[in-house]
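Below, chain A is the first sequence line, B the second, and so on; all start at residue 1. Not measured: the values here are computed from a predicted model.
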Amino acid sequence: MPILEVKQLTKIFGQDARRGLSMLQQGWSKEKIAREAKLTVGVNQAEFHIKEGEIFVIMGLSGSGKSTLVRLLNRLIDPTAGQILFRGQDIVKMNAEELRQFRRKNIGMVFQKFGLFPHRTVLGNAEYGLEVQGVDKKKRRELALKALELVGLGGWEQHRPDQLSGGMQQRVGLARGLANDPDILLMDEAFSALDPLIRKDMQQELLELQSRLKKTIVFITHDLDEALRIGDRIALMKDGVIVQIGTPEEILIQPANKYVERFVEDVDLSKVLTAAHVMKQPEMIRPERGPRVALQLMRDSGVSSLYVADKEMKLLGVITADDASLALKEQKSISDVLRKEIPIVGPDALLNELFDLMAGSPLPVAVVDERERLKGIVIKGAVLSALAGNALPEGGDI
Amino acid sequence: MNIPKLPLGRLVEQIEEWLTLYFGAVFDLIHSVIGGMVEGINAGLTLLPAIAVILLISALAYWVGKWRLALFALIGLLLIDNLGLWAPSMQSLALVLTASVLAVLIGVPIGILCAQSVTARNVATPILDFMQTMPAFVYLLPAVSFFSLGVVPGVIASIIFAIPPTIRLTSLGIRQVSPELVEAADAFGSTPRQKLFKLQLPLALPTIMAGINQTIMLSLSMVVISSMIGAQGVGAYVYRAVSQAKTGAGFEAGIAIVVMAILLDRLTQNALKIKHK
């Protein structure tokens with residue numbers, strides 16, 4: 001079961017907002033409703049689900065309704081219509097006390113401008129959520145310190161927020177969001193106010209935190225690069241409507257409509273696609289098969305080199321046709337003539353990290369996993385074709 | 001066109017009579033509470049000899065301000081004592097402190113209410129405008145008819161005249177707390193009370209203190225007017241000097257009020273800064 005299920009969620013701002021619902025159902029546009037009914041459509045019949053433990057990114061330009069949407073999820077803004085099911089329970093129907101408990105226990109939030117309480121210390125901020133729950137002083141201090149440690153702010157607990165840099169302030173915001181161990185963390189443009197370099201660090205750290213804590217994160221951003229970097233899935237919003245939901249690859253490769261296409265056309269694919277996306281199956285041989293078999297295989301498949309791997313698929317090196325015939329003449333084994341200086345990358349390496357390696361080597365780049373097992377090879381043609389935005393060559397995992 | 005004059009004045013008098021008739025007991029209670037407060041504070045201030053009180057206040061001034069404020073307190077208060085105005089000054093101070101304390105006790109909760117409810121704000125704003133612009137002499141009269149002559153109607157008139165800044169600035173201070181912070185407090189499941197005490201009041205405190213400071217200054221400005229209805233104190237000296245055209249005596253009493261005003265202003269203004277040291 002998804003942790004959060006959103007059905008027909010709609011927010012209309014203005015007097016007597018419910019009269020806008022039937023207009024939306026008749027398919028009136030946001031502009032028409034604004035013009036004729038003086039109502040502002042914030043979120044228009046949004047429908048999606050969020051899986052436990054994923055980073056779900058809601059992306060859109062300013063005015064697209066993404067900030068409204070995230071505030072509907074913890075009812076900082078009350079929806080006009082629709083359902084939000086948290087593990088099957090409708091948040092929209094909760095009374096004030098139930099909602100308070102839900103916010104205290106199940107859902108945390110990190111804000112764009114940090115939203116730190118200036119009159120409290122770093123520690124006082126981190127323990128706020130526990131304090132309002134009535135957790136006793138010793139316990140909440142312990143949990144808050146743990147959260148601060150987690151975000152790398154150990155030792156800063158007695159400082160005031162305004163003594164900290166922007167990046168550190170947002171770490172406090174993150175610690176505050178994590179301290180009461182919620183199931184879902186809402187992050188509203190959490191990194192948008194930070195310098196680009198610090199922003200990248202924070203994105204990286206968020207990914208690391210996420211892999212350790214397995215939190216469900218709903219991340220709002222207007223920055224496509226950020227969405228692609230951290231999102232497991234991305235929902236793209238325009239005028240209050242979710243126009244496409246998909247993995248980063250799906251959004252890039254198969255934009256649902258012209259709007260998404262325009263949105264993603266400026267993306268530098270080399271910073272998004274990884275070696276795993278463009279690699280293909282290599283021609284392989286085990287060393288004990290001997291040079292004669294190697295030559296035969298090369299002839300059959302029309303290549304001039306073979307990748308040599310052992311039984312566990314661990315990459316040993318490359319043998320070229322020239323080396324193989326030399327070995328045959330001199331009665332040597334494959335292991336004797338193996339070339340071991342081949343460029344190697346991990347499957348997560350971005351294409352722009354591959355350029356230098358490929359330029360410096362006549363051989364394709366080998367892709368190996370963390371246990372040095374050969375997963376595939378990347379040839380120049382595949383990289384160029386992927387960067388041109390063409391469908392990926394066979395072997396990509398899409 | 002000859003529209004008869006509206007009987008507004010008559011109406012007010014009828015309300016006044018009606019209130020006196022049916023709420024006499026309430027007014028008596030208020031009278032004894034306020035009277036007791038003024039007397040108590042005055043007794044406290046005159047318990048020790050003047051010189052001891054002067055030294056204590058100077059020490060307080062040194063603690064909240066710095067040596068310059070302490071020096072001013074010492075010289076200013078010694079001057080008041082020297083002019084023979086110590087006892088009436090303490091009477092006036094007791095009136096001012098009573099009016100200010102009550103104004104804060106009443107004004108801050110009303111200010112909080114106004115910050116949280118648009119309706120309350122819409123009701124309160126015209127009333128506050130009315131209280132501040134209606135000449136103070138005008139509501140001295142009903143105060144006298146409810147509470148008779150003396151210091152109590154003076155305190156009541158001072159409260160009415162001086163309470164608006166506390167209400168307005170409390171309301172303003174709370175509403176000025178950044179919406180993002182309020183959102184953050186909500187997002188973590190604060191109750192309205194937790195939000196008020198953990199976030200809004202602490203952040204509004206400097207603004208609220210500015211309002212309280214104004215309230216104290218305004219109630220001090222009422223001491224002369226209060227003396228017209230029989231409140232004792234240094235205000236009575238000013239009033240007498242004016243009515244007898246005694247420039248020197250009026251100036252002396254005026255100086256005593258100025259010294260107290262500057263001291264109260266600086267002491268309340270600096271009181272906040274200590275907390276942040």
Side-chain angles (χ1 to χ4, degrees), chain A residues 67 70-78 94 96-120 124-135 140 144 160-162 172-173 175-180 182 184-190 193, chain B residues 64 104 108 111-113 115-122 166 169-213 268-277:
Chain A
S67 287
V70 74
R71 279 165 176 73
L72 294 175
L73 297 183
N74 63 354
R75 276 185 55 195
L76 283 178
I77 297 175
D78 269 319
M94 285 180 177
E97 183 53 34
E98 288 167 335
L99 178 63
R100 200 144 46 224
Q101 292 305 329
F102 171 68
R103 286 170 174 174
R104 287 177 177 179
K105 302 269 163 66
N106 304 115
I107 198 157
M109 193 161 181
V110 180
F111 294 86
Q112 177 173 13
K113 290 175 202 138
F114 319 138
L116 298 180
F117 304 134
H119 59 298
R120 289 174 159 244
N125 271 282
E127 64 183 15
Y128 184 82
L130 297 159
E131 190 180 319
V132 295
Q133 282 182 36
V135 176
R140 72 175 188 240
R160 297 224 167 237
D162 59 7
V172 180
R176 181 175 63 178
L178 290 171
N180 44 355
I184 302 174
L185 191 61
L186 306 176
M187 300 185 71
D188 179 26
E189 301 238 17
Chain B
V64 302
V104 169
V108 170
I112 291 171
L113 190 69
Q116 290 173 339
S117 148
V118 180
T119 317
R121 194 151 68 242
N122 287 342
T166 292
L169 287 170
T170 301
S171 165
L172 179 73
I174 290 175
R175 281 180 292 129
Q176 270 179 342
V177 172
S178 138
E180 201 178 35
L181 296 184
V182 176
E183 226 178 21
D186 282 334
F188 286 97
S190 315
T191 61
R193 179 182 290 266
Q194 286 171 330
K195 194 164 62 178
L196 182 66
F197 284 103
K198 291 181 192 295
L199 179 71
Q200 292 169 316
L201 281 182
L203 287 182
L205 197 57
T207 313
I208 296 175
M209 282 305 289
I212 292 176
N213 174 273
T268 48
Q269 272 188 14
N270 287 332
L272 246 200
K273 291 180 197 151
I274 311 182
K275 249 194 84 203
H276 291 293
K277 269 182 200 165

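Among A:Gln101, A:Glu131, A:Gln112, the residue with the largest count of heavy-atom pairs under 4.5 Å with chain B is A:Glu131. Listed options A:Met109, A:Gln133, A:Lys105, A:Arg104 were ranked by heavy-atom pairs under 4.5 angstrom with chain B; first place goes to A:Arg104.
For A:Arg71, the part sitting under 4.5 Å from any heavy atom of chain B is the side chain, from C-beta outward, and nothing else. A:Ile107 touches chain B through its backbone: at least one of N, CA, C or O sits under 4.5 Å from a heavy atom, while the side chain does not. Within the 4.5 angstrom heavy-atom criterion, only backbone atoms of A:Phe114 (N, CA, C, O) approach chain B. With a 4.5 Å cut-off on non-hydrogen atoms, A:Tyr128 touches chain B through its side chain but not through its backbone. Neither the backbone nor the side chain of A:Leu186 comes within contact range of chain B; no heavy atom of the residue lies under 4.5 Å from a heavy atom of that chain. When heavy atoms are compared at a cutoff of 4.5 Å, B:Ser178 does not approach chain A at all. With a threshold of 4.5 angstrom between heavy atoms, B:Leu203 approaches chain A through side-chain atoms but not through N, CA, C or O.
The shortest heavy-atom contact between B:Ala184 and A:Gly115 is CB-O, 3.8 Å. Here the closest non-hydrogen pair linking A:Arg103 and B:Ala187 is CB-O, 3.4 Å. In plain terms, the two heavy atoms of B:Gly189 and A:Val132 that are nearest each other are O-CG2, 4.1 Å. When every heavy atom of B:Ser190 is checked against every heavy atom of A:Arg100, the shortest pair comes out as O-CD, 3.5 Å. Taking each heavy atom of B:Asp186 and A:Leu76 in turn, the nearest pair found is CB-CD2, 3.6 Å.
B:Glu180 contributes no side-chain N or O that, together with a main-chain N or O of A:Phe111, makes up a donor-acceptor pair within less than 3.5 Å.
Within the 4.5 Å cutoff, the side chain of A:Phe117 has no heavy atoms near those of the B:Lys198 side chain.
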